[in-house]
2 protein chains.
Amino acid sequence: MSLKHGILGLINYGPTTGYDLDKAFKGSLNFFWQAQTSQIYRELNAMEKQGWISSEIIIQTDKPNKKLFSLTEIGKEELLCWLKYNSIEDDILVRDPFLVKVFFSGEIDTASNIETMKMFKECCQYAHKKIKETIDNFEKAFEGNKNLVYWKFTSSFGLYYYEMCIRWADDTIKTLEDLL
Amino acid sequence: MSLKHGILGLINYGPTTGYDLDKAFKGSLNFFWQAQTSQIYRELNAMEKQGWISSEIIIQTDKPNKKLFSLTEIGKEELLCWLKYNSIEDDILVRDPFLVKVFFSGEIDTASNIETMKMFKECCQYAHKKIKETIDNFEKAFEGNKNLVYWKFTSSFGLYYYEMCIRWADDTIKTLEDLL
DNA sequence: TGGGTCATGTAACCTGTTACATGATTAG
DNA sequence: CTAATCATGTAACAGGTTACATGACCCA
């Protein structure tokens, strides 16, 4: 499991609202973990019941009121426990719907498969470019932050990942073209 | 969505039972898609209701009876439609619980993080070896099969993937060791 | 006699997705 | 006037996980 812990990790950086968590997810963890807005609010309620976080309502006049969540002692412990517990075997799973499609693509003509593979490559190039931009923004915005090294590890994984995908797509396209 | 389509793809190779689908999943698609036994039986029921597959009970005397599932016309259409429909943007999502942990690892001491990263590397080396073995077995068992090229694309992705992970882990470990 | 293979599932729960709903303020 | 931003969610459904349950046959 990870969404609760992802939220816990973000709240650990300082008290936040569901709204801001949603934006934080979409702006940082999104490459390797996605969360729907509705899911975030649901998890926040569950986490408050579990005692991992506590909330406080902030009255605002110019904007809608908001609910600020803070980490409790128990929440902090849970976060550290999750980080320390080495469950790598559980965490290493790959789930890739695109590869499922490729696996069964023998049913489709080679030319179409080449097309699809080229589109895949383009998507990867685009995603790669996006991550590069994200890294630049983070670097400027969080210079000197002790967490920046770790944030950069994850985005560098993204770059390595898409570069690998592009190489694989190139090799796959070559093999398919020889089949024509 | 993909499990229903994964099952559809496998039944398309010929009529099978839930039991054999379970083994097929664990023996081929498992690297990039996992399915629980219970989930397979549930999906099979749902798919039969949808009319994608039909079933027939085979009476056996020496072994328990079994339920053979075959693809219907509608099921075949659905499979082809799913394969042709280029939803790459939907299919390209990465979800990696390990990276979520790395993202928040600033809370943990550097030495522990180096340890974790080394364990990650070992897991990847093991997974890489496993895929290599799988490829060898497939190559021998399905020589000349028209689907083999596509099956090999997916396993070669696996090899590229874990090689990339190992390189990334090495670089990460180096960076972390400089922080000590 | 104990463990593996064959073969089927159910039930409960948790997580993820999609669609819908509200309503004020502010900037173009 | 219209679209975006701020800020909250609910409801229903789909998909994934965990635990439990049964029972025969075969091999060592």
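Sequence lines set the chain letters: A, B, ... in the order given, protein chains first and strands last, and positions in each chain run from 1.
- Taking 4.0 Å as the cutoff to heavy atoms of chain A, we find the contact window on DNA chain C bounded by C:dT15 to C:dT25.
- The side-chain heavy atoms of A:H5 and B:F104, taken from C-beta on, include no pair separated by under 4.5 Å.
- A donor-acceptor pair is defined here as one N or O able to donate and one able to accept, closer than 3.5 Å; such a pair exists between the side chain of A:K101 and the backbone of B:Y85.
- OP1 or OP2 of D:dG16 has at least one side-chain nitrogen or oxygen of B:Q39 nearer than 4.0 Å.
- For the ring-ring contact (aromatic ring centres under 6.0 Å, His included) test with B:F103, the passing option among A:W151, A:F25, A:Y150 is A:W151; the others fail.
- More than 12 heavy atoms of other shown residues, nucleotides or ligands fall within 6.0 angstrom of atom NZ in B:K76.
- Salt bridge A:K23/A:D20: present, at least one basic N to carboxylate O contact under 4.0 Å.
- Of the two residues contacting DNA chain C, namely A:K4 and B:T17, the nearest-nucleotide position lying further toward the 5' end is that of B:T17.
- At the heavy-atom level, A:S38 lies under 4.0 Å from base atoms of the strands shown.
- Heavy-atom distances under 4.0 Å link DNA chain D to B:D62, B:P64 of residues 45-69 of chain B, given in residue order.
- Along DNA chain C, the nucleotide closest to B:R42 and the one closest to B:G18 are compared, and the more 5′ of them pairs with B:G18.
- In this structure, the OH atom of B:Y19 is 13 Å from the C1' atom of D:dA24, given to the nearest Å.
- Between the CZ atom of B:F69 and the CG atom of B:N45 there is a distance of 6.5 Å, given to the nearest 0.5 Å.
- Each of A:W168, A:F31, A:Y126 was scored for a ring-ring contact (aromatic ring centres under 6.0 Å, His included) with A:Y162, with one residue passing: A:F31.
- One distance of note links NE2 of A:H128 with CE of A:M164; it measures 11.5 Å at 0.5 Å rounding.
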